Amino acid sequence: MGRAGGAGRAGPVTVHNGAGIVVVGDGNRIGVPERSPVRSAYWEHVRRIVPTELVDREGELTELAAFCGRTDPGPAYTWWRAEAWAGKTALLSWFALDPPPGTRIVPFFVTARLGAQNDVAAYVDVVLEQLAELAGEGLPALLTAATREAHLLRLYASAAAACAARGERLVLLVDGLDEDRGVTTGPDARSIAALLPYDLPVIVSGRLNPPLPVDVPDDHPLRDPEAVRILAPSPRARAIRVEAERELKCLLEAGGLPYELLGLLTAAGGGLTADDLAELTGGVPYRVKDVLRTGLARTFASRGDAYLLAHEQLAVQAREMLGERELARWRGMVGAWAEDWRERGWPEESPAYLLQGYVPMLRAAGEVDRLVDSALDAVRHERLLIRTGADTAALAEVRAAESAHVAGGDRADLVTVALRLAFHRGELERRSAGVPPVLAAGWAAVGETDRAVGLARSMGGAHTVTALCAVAARLLDHGERERAVGLVEDAEVATRALRSGPAYDEAARTTAQLWSEIGAYDRASGLVRRIGSARPEVLRAMVRAWCAAGEYDRALALAEGDPDLSTRATATADVVEALIRG
């Protein structure tokens with residue numbers, strides 16, 4: 001095999017590392033696919049951790065909103081600090097899902113309870129994806145540990161500029177800096193804090209201790225004492241803490257089913273249902289539910305049908321008390337359970353955890369071989385497609401496996417496994433591109449909105465725009481205006497990422513039509529003006545539609561603003577004719 005940047009040959013395989021191209025057999029070329037706009041699914045994670053109610057935090061919410069709307073040259077950061085159980089995550093997750101108008105939040109919650117979410121690698125992956133979406137870009141090809149951070153720093157500025165062009169302000173929100181595992185994993189480890197930008201408004205939270213990591217530069221905004229805000233503890237959270245810690249100690253001493261449930265949920269990172277736990281422990285489902293819901297109500301919490309430790313600090317304490325050897329034993333039990341379902345061929349009743357929560361556990365535990373096996377399991381990914389309606393999650397698994405495999409060092413199977421993962425990723429991407437956009441609208445029509453949106457976001461390019469607009473139209477018909485607006489905003493981001501050409505023209509026409517129906521005429525106009533050869537036809541159709549809606553002034557402004565004399569004349573004539581008839 002040739003060195004990086006050159007070409008080499010080993011039998012029928014030629015690798016051009018510099019271009020990211022592999023030639024197999026008689027010239028069959030396999031390369032890095034063209035980058036397509038990404039769609040972040042991280043908001044689903046935020047919705048899982050937000051409390052059902054936020055009590056007595058009106059003052060803090062008002063202060064956070066004021067920070068997001070600031071234009072004066074004050075501190076670019078606001079750092080909310082408090083001890084554990086003060087309610088920091090509850091406050092910031094609530095605010096992230098309901099920011100003030102004109103604010104675009106990019107969140108990251110440092111937590112290990114629901115998967116690998118507590119180190120700099122997870123931060124870069126999650127935030128990079130969100131920033132790329134806001135900037136209307138695809139994720140850079142062939143991301144490595146050496147290039148991810150540079151792309152992140154570039155996208156901070158690109159995403160902020162894209163938001164500003166839409167009249168929005170980008171605000172980064174990071175909760176739980178003190179839970180950053182990377183801070184304590186060695187002298188060469190990088191902290192999340194050190195990667196936070198200098199020139200963006202940032203909301204962070206953490207405990208009063210530990211202090212900032214040593215890799216945070218002396219001139220970093222986090223070191224400005226004026227940025228610190230002390231969060232008063234929530235009395236409700238304090239009372240829950242006392243009872244929860246007492247319950248945790250009782251669990252560790254009790255043995256039997258309660259101890260087994262604690263071990264499994266701690267090792268798995270949450271997400272197991274009562275039926276899952278009953279299958280794993282051999283217990284009776286009713287008894288499992290009784291232990292989780294009544295006997296230990298402070299230790300465990302539920303997200304839908306799934307259970308997890310009720311607080312990040314409880315999860316930390318549980319991991320410390322159990323120890324790595326005991327946690328590995330419970331992870332092994334979950335792995336054997338997954339293998340059993342794999343041998344069954346992943347039937348319809350396959351546990352949701354094994355389809356969506358198992359891989360994050362493997363990634364967090366560093367179990368690379370099992371991670372790769374799961375990422376290459378095409379049958380499992382077929383079931384995941386049926387369950388979610390899209391290949392988005394499967395593609396994320398393959399990318400995670402690729403990163404972990406390459407980071408694992410010089411192994412004998414390094415190239416072979418990397419090629420298998422690349423082939424499988426390519427198949428998933430081609431399959432996503434071939435799904436008709438009308439299918440997403442069909443799911444929305446029967447009330448499966450989440451599945452429709454997931455399918456739309458997995459398609460890529462102009463297909464994503466068409467599908468998102470189709471789902472948004474259905475939501476408008478059913479009076480769900482707020483969610484429809486959010487989808488059209490996503491469609492506009494995907495449209496602008498196409499930049500120019502027939503695909504952009506068609507996507508812009510579709511998105512502009514939806515903006516017009518919503519009443520956002522300026523946003524529709526901005527899209528139409530960038531259309532190429534199809535602009536005269538689209539612009540005149542838009543002018544006539546606006547006139548029909550009684551928006552004569554807007555229609556005339558759109559017509560008179562066109563740079564082409566002929567188009568300007570005919571579109572203006574359309575407005576005049578409409579006025580005469582009206």
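When reading the values below, keep in mind they use all heavy atoms of this one structure, side chains included, and skip hydrogens, waters and symmetry mates. On a predicted model such as this, the values are computed, not experimentally measured, just so you know.
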Visitor: Is any side-chain N of the basic residue among R342 and D377 closer than 4.0 Å to the acidic one's carboxylate O?
Guide: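 Answer for the salt bridge query: yes.
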Visitor: Can you list the residues that meet the salt bridge (charged side-chain N to carboxylate O under 4.0 Å, His left out) rule with E260, with sequence neighbours excluded?
Guide: none
Visitor: Can a side-chain donor-acceptor contact be found between E60 and W94 if the only test is distance below 3.5 angstrom?
Guide: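 There is no such pair between these side chains.
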Visitor: Between L212 and A193, what is the shortest heavy-atom contact and its length?
Guide: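 Shortest heavy-atom separation between L212 and A193 comes out as CD2-CB, 4.5 Å.
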Visitor: So which heavy atom on V372 is nearest to which on H405, and how close?
Guide: CG2-CB, 4.3 Å
Visitor: Kindly compute the distance separating CG (L322) from CZ (R329), expressed to the nearest 0.5 Å.
Guide: 9.5 Å
Visitor: With the side chain counted from C-beta on, respond yes when P351 and W337 share a heavy-atom pair under 4.5 Å apart, and no when they do not.
Guide: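 Yes, close enough: below the 4.5 Å cut-off.
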Visitor: Answer yes or no for R383 and W346: cation-pi contact, defined as NZ/CZ to six-membered ring centre under 6.0 Å and angle to ring axis within 45°.
Guide: no
Visitor: Does the side chain of Y123 come under 3.5 Å of the side chain of D180 through a donor N or O and an acceptor N or O?
Guide: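 Side-chain D/A pair, Y123 to D180: absent.
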Visitor: Are R344 and D340 close enough for a salt bridge, meaning some N to O gap below 4.0 Å?
Guide: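 Yes, charged N to carboxylate O under 4.0 Å.
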Visitor: Hey, are the side chains of V106 and L173 touching, using non-hydrogen atoms and a 4.5 Å cut-off?
Guide: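 The answer is no, as the side chains (C-beta and beyond) never meet within the 4.5 Å cut-off.
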Visitor: Please walk me through it: do V127 and L152 pass side-chain contact (heavy atoms from CB on, under 4.5 Å)?
Guide: CA-CA 8 Å; V127 175; L152 175 73; 3.8 Å; yes
Visitor: Start with the C-alpha distance between L61 and L54, add both sets of side-chain angles, then the distance that settles side-chain contact (heavy atoms from CB on, under 4.5 Å), and finish with yes or no.
Guide: CA-CA 10 Å; L61 290 172; L54 191 69; 3.9 Å; yes
Visitor: Output yes when a side-chain donor or acceptor of R363 lies under 3.5 Å from a complementary backbone atom of A401, and no otherwise.
Guide: no
Visitor: Taking A400's backbone N and O only, do any of them form a donor-acceptor pair with S403's side chain (distance below 3.5 Å, no angle check)?
Guide: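 Answer holds: no.
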Visitor: Say whether, by atom type as modelled, one donor and one acceptor occur between the side chain of D215 and the main chain of S191 under 3.5 angstrom.
Guide: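 Such a contact is found between D215 side chain and S191 backbone.
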Visitor: Okay, side chain of R81, backbone of G206: is any donor-acceptor separation there less than 3.5 Å?
Guide: no
Visitor: Looking at every heavy atom in both P99 and I105, which two are closest together, and how far apart are they?
Guide: CB-CG1, 3.7 Å
Visitor: With no hydrogens and no angle check, is any side-chain donor or acceptor of S350 less than 3.5 Å from a backbone partner on P347?
Guide: yes
Visitor: Decide yes or no for R207 and K88: does some side-chain heavy atom of the first lie under 4.5 Å from some side-chain heavy atom of the second?
Guide: yes
Visitor: Can you tell me how the ring of Y77 sits relative to the ring of H220, calling it parallel under 30°, perpendicular over 60° and tilted otherwise?
Guide: perpendicular
Visitor: With a 4.5 Å cut-off on side-chain heavy atoms, are Y156 and L131 touching?
Guide: yes
Visitor: Hey, does L272 have a side-chain heavy atom less than 4.5 Å from the side chain of L280?
Guide: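 Yes. Closest side-chain heavy atoms under 4.5 Å.
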Visitor: Got a sec: does the CG of D305 have more than 12 other heavy atoms crowding it under 6.0 Å?
Guide: no
Visitor: So do the side chains of Y353 and V334 get within less than 4.5 Å of each other, counting heavy atoms only?
Guide: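 They are in side-chain contact.
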Visitor: Quick check on E349: does its CD atom have over 12 non-hydrogen neighbours (other residues, nucleotides or ligands) under 6.0 Å away?
Guide: yes
Visitor: Flag the pair R380 and E397 as a salt bridge only when some basic side-chain nitrogen lies within less than 4.0 angstrom of an acidic carboxylate oxygen.
Guide: yes
Visitor: Mind checking the CG-CZ spacing from L327 to R319? Nearest 0.5 Å is all I need.
Guide: 8.0 Å
Visitor: Please name the residue in the list L170, V171, T78 that meets the side chain to side chain contact (heavy atoms under 4.5 Å, CB included) test with C68.
Guide: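 The side chain to side chain contact (heavy atoms under 4.5 Å, CB included) with C68 is passed solely by V171 among L170, V171, T78.
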Visitor: Which heavy-atom pair separates A375 from V398 by the least distance, and what is that distance?
Guide: O-CG2, 3.6 Å
Visitor: Considering only heavy atoms from C-beta outward, does the side chain of S205 approach that of L231 to under 4.5 Å?
Guide: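 In short, these two side chains do not touch, never coming nearer than 4.5 Å.
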Visitor: For the atom pair OG1 (T266) and CD (E320), what is the distance rounded to the nearest 0.5 Å?
Guide: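 Nearest 0.5 Å value for the OG1-CD distance: 11.5 Å.
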Visitor: Between L428 and R425, is a side-chain contact (heavy atoms from CB on, under 4.5 Å) present by the stated rule, with each step listed?
Guide: CA-CA 5 Å; L428 291 172; R425 174 165 49 83; 5.6 Å; no
Visitor: Report the distance from atom CG of L172 to atom CD1 of I203, rounding to the nearest 0.5 Å.
Guide: 9.0 Å
Visitor: Which heavy atom in V202 sits nearest to a heavy atom in P197, and how many Å separate them?
Guide: CG2-CG, 4.1 Å
Visitor: Tell me whether D373 is salt-bridged to R370, with the criterion being a basic N under 4.0 Å from an acidic carboxylate O.
Guide: no
Visitor: Inspect the surroundings of CZ in R420 and state if more than 12 heavy atoms from other residues, nucleotides or ligands are less than 6.0 Å away.
Guide: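 At most 12 heavy atoms, drawn from other residues, nucleotides or ligands, come within 6.0 Å of this atom.
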Visitor: Minimum heavy-atom separation for V359 and S374, please, with both atom names.
Guide: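 Heavy-atom minimum between the residues: CG2-CB, 3.9 Å.
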Visitor: For the pair R331 (side chain) and E326 (backbone), establish whether a donor and an acceptor sit closer than 3.5 Å, ignoring hydrogens and angles.
Guide: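 Such a contact is absent between R331 side chain and E326 backbone.
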Visitor: Give, for atom CG of L264 and atom CG of D276, the distance between the pair rounded to the nearest 0.5 Å.
Guide: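 Going from CG on L264 over to CG on D276, the span is 10.0 Å.
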Visitor: What distance do L419 atom CG and H424 atom NE2 have between them, rounded to the nearest 0.5 Å?
Guide: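 Answer for the CG-NE2 pair, L419 versus H424, is 14.5 Å.
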Visitor: Under a 4.5 Å cut-off applied to non-hydrogen side-chain atoms, are L309 and L262 in contact?
Guide: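 Heavy-atom side-chain distance check passes, below 4.5 Å.
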Visitor: Going through the distances and angles, do W80 and V204 end up as a side-chain contact (heavy atoms from CB on, under 4.5 Å)?
Guide: CA-CA 6 Å; W80 293 81; V204 295; over 6 Å; no
